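When a residue number appears, it is its place in the shown sequence, counting from 1. What you see is a predicted model; the values in this text were computed from it and never measured.
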Amino acid sequence: MAQSMGAMGIMAAGFNFSAAAEDEFHDWYDTEHVPQRLRVPGFINAERWIGVDDPKVAFATYDLDTIGVLQSAPYCAFTGINQSPWTKRIEHQMKKLGRFVGEQLTPGRVAAPPSAGGLLFFAMNVDPAAEAEFNQWYDTEHLPALAAVPGCLCARRFKSSDDATQKYFAIYHLDTPEVATSKAWKHAVATPWTGKILKHTSAHLSARLRRYVRTAA
C-alpha cells in the first residue's frame with residue numbers, strides 16, 4: 001500500500017487485567033488481538049507494554065498510516081458489533097485505563113523505533129486560554145529536551161481525535177524504563193517554563209512501562 005502523505009496516526013490503549021487469567025489474557029492478545037490488526041492495511045506496527053510499578057497494567061500501541069484506517073472495512077470487520085466471543089469475554093474482565101486515537105503533531109511521520117525496551121506514556125488536558133503557549137512549550141522546549149536525554153530513542157506527541165478524556169498525549173520510547181527516572185530526565189523537565197505550563201494542565205495520566213516479551217509456556 002502506498003504511504004499516505006497525511007498525518008501519521010496512533011492508537012494506544014491501557015488496561016488493568018487483574019481480573020483476568022494472566023495466561024489467557026496474553027494468549028488472546030498475542031494470538032488473536034494483535035494479529036487481527038497487523039493484517040489490516042495501514043497498521044504499521046503493534047507493540048505491547050507492561051507496567052513497571054504494576055505488572056497487571058498493560059498498554060498496546062499501534063502506529064497507523066492515518067487515523068482513517070480505523071474506519072476501514074478490514075478493521076471494522078472484527079471490531080464493534082463484530083468482535084469475537086473471546087474478545088468480548090476478555091474485555092469484560094479488564095478495567096480500561098484509557099483509549100487514545102490521535103494524529104502525530106511532532107516530529108512528523110516518524111514511527112516507533114523497534115529496539116526500545118521501555119516506554120513512557122503521558123496524557124493531559126490544558127486550559128484553553130493557555131493552549132497556544134502549551135503547544136509552543138511542548139514543541140520548542142519540552143519535547144526536544146526529553147528527546148536529547150541519553151537513552152531516549154524517540155519522543156513524539158499527539159492530539160486526540162476522538163472523545164478521549166485527555167486532549168494531548170506523548171509517547172517516549174526508551175532504552176529501558178529507568179531512563180524516565182534518571183537524573184538527566186529529571187533535569188530536562190525541571191525548567192521554569194515547565195513549571196508555569198503545568199499549572200494550566202489537568203487530568204494527568206502517566207505510565208512507565210517495559211516491553212512485553214512473550215515467555216514459553
Side-chain angles (χ1 to χ4, degrees), residues 10-20 22 25-26 29-30 33-34 45-63 94-102 104-107 110-126 134 137-139 141-160 164-191 193-195 197-199 201-215:
I10 197 167
M11 178 171 62
F15 303 93
N16 185 305
F17 62 96
S18 299
E22 185 168 355
F25 172 79
H26 290 308
Y29 235 126
D30 292 342
H33 194 75
V34 167
N45 56 36
E47 297 184 324
R48 293 193 56 206
W49 308 90
I50 299 295
V52 171
D53 299 316
D54 184 352
K56 293 296 185 179
V57 167
F59 266 71
T61 56
Y62 307 88
D63 283 325
M94 299 188 301
K95 178 183 178 182
K96 184 178 290 186
L97 302 178
R99 180 182 183 272
F100 299 85
V101 174
Q104 187 162 300
L105 299 175
T106 309
V110 176
S115 57
L119 183 137
L120 180 67
F121 179 91
F122 198 89
M124 69 181 86
N125 284 326
V126 60
F134 169 85
W137 159 78
Y138 231 132
D139 287 339
E141 179 184 278
H142 193 63
L143 208 71
L146 293 178
V149 171
C152 183
L153 304 178
C154 185
R156 302 181 295 166
R157 77 180 190 100
F158 306 83
K159 183 177 180 180
S160 296
T165 53
Q166 287 89 0
K167 186 174 181 179
Y168 292 98
F169 59 101
I171 293 177
Y172 305 91
H173 281 76
L174 313 169
D175 274 335
T176 69
E178 289 70 35
V179 172
T181 57
S182 66
K183 289 183 178 179
W185 190 275
K186 293 176 181 178
H187 178 74
V189 301
T191 72
W193 202 6
T194 297
I197 292 296
L198 289 182
K199 293 177 182 178
T201 63
S202 61
H204 296 173
L205 173 66
S206 64
R208 188 166 61 98
L209 308 136
R210 60 176 174 82
R211 183 178 290 277
Y212 163 80
V213 178
R214 186 172 178 84
T215 56

Participant: Roughly how far, to the nearest 0.5 Å, is the CH2 atom of Trp137 from the CG atom of Leu143?
Facilitator: 9.0 Å
Participant: Checking side-chain contact (heavy atoms from CB on, under 4.5 Å) for the pair Leu97/Phe15: CA distance, chi angles, key distance, verdict?
Facilitator: CA-CA 5 Å; Leu97 302 178; Phe15 303 93; 5.5 Å; no
Participant: Any side-chain heavy atom of Met11 within less than 4.5 Å of one from Phe100?
Facilitator: no
Participant: Are Tyr172 and Trp185 close enough, and set up right, to give a ring-ring contact (aromatic ring centres under 6.0 Å, His included), and what steps lead you there?
Facilitator: CA-CA 12 Å; Tyr172 305 91; Trp185 190 275; 5.4 Å; yes
Participant: Between the main-chain N or O of Ala112 and the side-chain N or O of Asp63, is there a donor-acceptor pair closer than 3.5 Å?
Facilitator: yes
Participant: Is it true that Gln166 and Ser160 share a donor-acceptor pair across their side chains at a distance under 3.5 Å?
Facilitator: no
Participant: Restricting to salt bridge (Lys or Arg N to Asp or Glu O under 4.0 Å), what partner residues turn up for Lys159, sequence neighbours left out?
Facilitator: none
Participant: Check whether any side-chain heavy atom of Val149 sits under 4.5 Å from a side-chain heavy atom of Val179, and report yes or no.
Facilitator: yes
Participant: Nearest 0.5 Å please: distance from the CD atom of Glu141 over to the OG1 atom of Thr191.
Facilitator: 3.5 Å
Participant: Only counting residues at least two apart or in another chain, list the ones meeting salt bridge (Lys or Arg N to Asp or Glu O under 4.0 Å) with Arg210.
Facilitator: none
Participant: So, Ser202 versus Asn125: side-chain donor-acceptor pair below 3.5 Å or not?
Facilitator: no
Participant: How close do Ala155 and Pro107 get, counting heavy atoms only, and between which atoms?
Facilitator: O-CD, 3.6 Å
Participant: Flag the pair Tyr168 / Phe134 as yes when their ring centroid distance falls below 6.0 Å, and as no otherwise.
Facilitator: yes
Participant: Could you measure the distance from the CZ atom of Phe122 to the CG atom of Leu205? Nearest 0.5 Å is fine.
Facilitator: 8.5 Å
Participant: Do Phe169 and Phe121 have their ring centres less than 6.0 Å from each other?
Facilitator: yes
Participant: Is Met124 close to Lys167 at the side-chain level, that is, under 4.5 Å between some pair of heavy atoms?
Facilitator: no
Participant: Taking the basic N atoms (NZ, or NE/NH1/NH2) and the acidic carboxylate oxygens, is any pair closer than 4.0 Å for Asp54 and Arg208?
Facilitator: no
Participant: Going by the rule side chain to side chain donor-acceptor pair (under 3.5 Å), which residues pair with Arg48 if we only count those two or more places apart in sequence or in a different chain?
Facilitator: His26, Asp30
Participant: Should Phe158 and Thr106 be marked as a side-chain contact (heavy atoms from CB on, under 4.5 Å) after you check the CA-CA gap, both sets of side-chain angles, and the distance that decides it?
Facilitator: CA-CA 7 Å; Phe158 306 83; Thr106 309; over 6 Å; no
Participant: Just how far is it from atom NE2 of His173 to atom CG of Leu209, taken to the nearest 0.5 Å?
Facilitator: 10.0 Å
Participant: Within the side chain of Gln104, is there an N or O that forms a donor-acceptor pair under 3.5 Å with the backbone of Val110?
Facilitator: yes
Participant: Do the rings of Phe25 and Phe17 sit parallel, tilted or perpendicular, given the 30° and 60° boundaries?
Facilitator: parallel
Participant: Val101 vs Ile10, test: side-chain contact (heavy atoms from CB on, under 4.5 Å). Steps then yes/no.
Facilitator: CA-CA 6 Å; Val101 174; Ile10 197 167; over 6 Å; no
Participant: Counting only heavy atoms not in His204, do more than 12 fall under 6.0 Å of its NE2?
Facilitator: yes
Participant: Say you draw a straight line from CG of Leu153 to CG of Asp175; how long is it, rounded to the nearest 0.5 Å?
Facilitator: 4.5 Å
Participant: Quick one: CG on Leu174 to CG on Leu119, what's the gap to the nearest 0.5 Å?
Facilitator: 6.5 Å
